[in-house]
Amino acid sequence: MQIDSEIETARKILGKTVAHLPDGELKKVINQFDHLTDLWMEDYERSIFDGKTLNDIVRT
C-alpha cells in the first residue's frame, strides 16, 4: 500500500496541479522525480567526495 500513500501524499501537496492525472500517470511522475533526485544526489556526492558516492565510501 506504499504506492497508494505516495499518490495520496503527492495529491495533497500538488493539489489542483495534478487533479487531472490518473493514478497511473501520477505514479510515473513520482518515479521520474525519484530517479532524478537519485541522480542529482549521486552527482552531488561525487562533487564533494573526490568522485565517489557515499556507497563507494562505505564499501571500501
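In this structure, Ile30 and Glu6 approach most closely via the heavy-atom pair CD1-O, 3.8 Å. The minimum heavy-atom distance linking Ala10 with Val18 is given by the pair O-CG2, 4.3 Å.
A salt bridge (charged side-chain N to carboxylate O under 4.0 Å, His left out) check over residues 11-26, counting only residues at least two apart or in different chains, returns the pairs Arg11-Asp23, Glu25-Lys28.
For Arg46, the salt bridge (charged side-chain N to carboxylate O under 4.0 Å, His left out) criterion is met by Glu42, Asp56, not counting sequence neighbours. With sequence neighbours left out, the side chain to side chain contact (heavy atoms under 4.5 Å, CB included) criterion links Phe33 to Val29.
Atom OH of Tyr44 has 12 or fewer neighbouring heavy atoms from other residues, nucleotides or ligands inside a 6.0 Å radius.
Hydrophobic cluster membership of Leu36, counting Ile, Leu, Val, Met, Phe, Trp and Tyr whose side-chain heavy atoms lie under 4.5 Å apart directly or via other members: Trp40. In the hydrophobic clustering, Leu39 connects to no other residue, as no ILVMFWY side-chain heavy atoms lie under 4.5 Å from its own.
Residues Met41 and Ile57 do not share a hydrophobic cluster, defined by chaining ILVMFWY side chains whose heavy atoms lie under 4.5 Å apart.
Distance check, rounded to the nearest 0.5 Å: CG of Asp38 to CG of Asp43 gives 11.0 Å. The distance from atom CD1 of Ile48 to atom CG of Leu54, rounded to the nearest 0.5 Å, is 7.0 Å.
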*asked:* Show, in sequence, the C-alpha distance, side-chain angles and deciding distance for His35 and Asn31, and conclude whether the side chain to side chain contact (heavy atoms under 4.5 Å, CB included) test is met.
replied: CA-CA 6 Å; His35 179 71; Asn31 286 336; over 6 Å; no
